[in-house]
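Basis for what follows: all heavy atoms, side chains included, without hydrogens, waters or symmetry-related copies.
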Amino acid sequence: MPEADDVDDEEEMPLSLRLSIADTLTLGNATCGFMAVYFTTTGILIPHLTDSQESGMARNSAATAVILMLCAAVFDLFDGLVARKLRSSPMGAELDNLSDLVSFGLAPAYFVLVYGMVADDASQRVAAVGAIVVLLAVVLRLARFSCVTVKDGTFQGMPSPFGALTVVSIVLLELPFVATLLAILGTAWLMVSRVEYPKPRGRLAVAMLSWIVLSMGLLAAWAFDAPGGQLLLQTGCALQLVMGAVIPLFATARRVNNFRDHRREARAAQVP
C-alpha cells in the first residue's frame with residue numbers, strides 16, 4: 001500500500017499549472033479583449049447589417065469596446081508590476097503573449113475591419129487588408145519579444161497596447177479613408193520596427209495609467225453625448241497620434257546623439 005504522503009504528492013497540482021496573482025490579471029486582459037470584440041459585433045456590426053438606425057447604440061458600443069481595450073492595457077500594466085513584486089508561474093510569459101494577442105491584436109484589427117464595413121467612404125476589402133496587417137504586426141512583435149533580448153528599460157518597436165490604442169484612435173478620428181488606412185499601416189510598421197520605446201516604470205507608469213483613465217473619461221463623455229464630447233474625444237485621439245509619432249522622433253534623436261558622442265570619444269582616444 002502506498003504511503004499517504006506519496007498519494008498527496010501525486011495528487012498535488014504541478015507547479016506549472018498553478019496560477020499566480022499576476023496570471024489572474026493576465027487572464028483579465030484576455031477577457032477584456034474578447035468582450036471588446038463582442039461589443040464591436042453586437043453593437044456596431046449587427047445593427048449595420050440589420051439596417052438599424054440606432055446611432056446612439058453604435059456610439060455606446062464603440063466606446064465600450066475601446067474602454068475594454070483600455071482596461072486590458074491596465075491589466076497588462078499591472079500584471080508585470082505584480083510579477084516583479086511577487087512571483088509569476090512558469091507559464092506567465094506565455095499567458096501574457098496570448099492575452100496580448102487577443103486584446104491588442106485581434107480586438108483592434110477586428111475594430112478596423114468593422115469600420116471598413118460600416119463607414120460610408122470606406123472600402124471593405126481594403127480595410128480587411130489593413131486589419132490583417134495590424135494583426136500580423138502584433139503577432140510578429142510578440143514573437144520577436146519572446147526571442148530577442150534588448151537592453152533593460154526599453155522595448156524594440158511600439159508596444160502592442162500603445163499600438164492598439166493608436167489604431168482605434170485613428171479610426172475614431174473619422175479621417176478620410178485613405179488617410180485612416182495610411183495612418184494604421186504606419187502604426188503597424190512602428191510596432192515591428194526597431195525604434196526604442198521606454199518601458200512604463202515608475203513615473204512613466206503613473207503617467208500612462210493617468211492617460212488611460214483620462215481616455216476612459218473622454219470616451220464616456222462621447223458615448224453619453226455630453227456637451228463637447230465629440231471635440232474632447234477627437235482631441236484625445238489626436239494627442240494619442242501625436243505621442244505615437246513624437247516618441248520615435250525623440251528616440252531617433254537620442255540614438256543619433258549617442259552615436260555622435262561615441263564617435264567623438266573614439267576620435268579623442270586616437271589623438272596622441
Side-chain angles (χ1 to χ4, degrees), residues 16 22-23 25-27 29-30 32-34 36-37 69-70 72-84 88-113 128-170 181-201 204-205 208 212 240-241 243-256 258-259:
S16 60
D23 296 334
L25 295 174
T26 303
L27 294 178
N29 172 3
C32 289
F34 174 78
V37 173
M69 292 185 216
L70 289 167
V74 173
F75 279 118
D76 185 63
L77 176 64
F78 278 101
D79 68 0
L81 296 175
V82 171
R84 286 190 291 271
S88 62
S89 70
M91 60 181 178
E94 298 299 329
L95 283 176
D96 189 60
N97 278 348
L98 292 172
S99 298
D100 286 354
L101 179 59
V102 174
S103 299
F104 311 126
L106 176 62
Y110 186 71
F111 199 81
V112 172
L113 178 65
V129 173
I132 292 172
V133 171
V134 171
L135 179 63
L136 294 182
V138 175
V139 170
L140 291 172
R141 170 173 171 71
L142 293 174
R144 186 179 65 182
F145 179 77
S146 301
C147 301
V148 178
T149 302
V150 296
K151 62 182 182 181
D152 189 36
T154 62
F155 288 115
Q156 190 178 79
M158 179 183 286
S160 52
F162 194 88
L165 299 180
T166 303
V167 167
V168 297
S169 295
I170 294 168
L181 183 65
L182 291 176
I184 289 173
L185 295 179
T187 303
W189 176 82
L190 283 174
M191 283 194 280
V192 297
S193 70
R194 295 186 178 181
V195 177
E196 293 182 353
Y197 283 77
K199 289 186 177 181
R201 295 177 180 174
L204 186 58
M208 180 178 176
I212 290 175
Q240 178 72 28
L241 265 66
M243 288 192 296
V246 167
I247 292 177
L249 293 178
F250 275 113
T252 302
R254 185 177 60 181
R255 190 181 240 176
V256 171
N258 290 338
F259 177 74

- prompt: Is a donor on one side and an acceptor on the other found under 3.5 Å between the side chain of Arg141 and the backbone of Met158?
  reply: yes
Interatomic distance, Leu25 atom CG to Phe75 atom CZ [nearest 0.5 angstrom]: 6.5 Å
- prompt: Got a sec, which residues hit side-chain contact (heavy atoms from CB on, under 4.5 Å) with Ala72, two or more places apart in sequence or on another chain?
  reply: Asn29, Cys32, Ser103, Phe104
Rounded distance [0.5 Å steps], CG in Asp79 versus CG in Asp23: 8.5 Å
message: Tell me the closest heavy-atom pair linking Pro161 and Asp76, and the distance in Å.
response: CG-OD2, 3.4 Å
- request: I would like to know whether Tyr197 and Leu190 meet side chain to side chain contact (heavy atoms under 4.5 Å, CB included); could you show each step before the answer?
  value: CA-CA 10 Å; Tyr197 283 77; Leu190 283 174; 4.0 Å; yes
message: Run Ile184 and Val134 through side chain to side chain contact (heavy atoms under 4.5 Å, CB included) and show every step you take.
response: CA-CA 8 Å; Ile184 289 173; Val134 171; 3.4 Å; yes
statement: Residues Ala188 and Ala137: closest non-hydrogen pair is O-CB, 3.6 Å
- request: Kindly write out the residues that satisfy side-chain contact (heavy atoms from CB on, under 4.5 Å) with Leu185, not counting sequence neighbours, or none if the list is empty.
  value: Val133, Leu181
message: Once rounded to the nearest 0.5 Å, what's the spacing between atom CD of Glu94 and atom OG1 of Thr26?
response: 12.0 Å
task: For the pair Arg144 (side chain) and Val192 (backbone), establish whether a donor and an acceptor sit closer than 3.5 Å, ignoring hydrogens and angles.
output: yes
- request: Determine whether Val138 and Asp100 make a side-chain contact, defined as any pair of heavy atoms from C-beta on separated by less than 4.5 Å.
  value: no
Partners meeting side-chain contact (heavy atoms from CB on, under 4.5 Å) with Ser169 (sequence neighbours left out): Cys237, Gln240, Leu241
query: At what distance, to the nearest 0.5 angstrom, does CG of Asn97 lie from OG of Ser160?
result: 8.5 Å
message: A side-chain contact here means heavy atoms from C-beta on lying under 4.5 Å apart; do Phe162 and Met243 qualify?
response: yes
- prompt: Which heavy atom in Arg194 sits nearest to a heavy atom in Gln156, and how many Å separate them?
  reply: CA-CG, 3.6 Å
Ile212 versus Ala73, closest heavy-atom pair with distance: CD1-CB, 4.0 Å
field: Residue pair Thr187, Ile170: steps toward the side chain to side chain contact (heavy atoms under 4.5 Å, CB included) verdict
entry: CA-CA 10 Å; Thr187 303; Ile170 294 168; 3.5 Å; yes
statement: Shortest non-hydrogen pair, Phe111 vs Val168, comes out as CD2-CG1, 3.9 Å
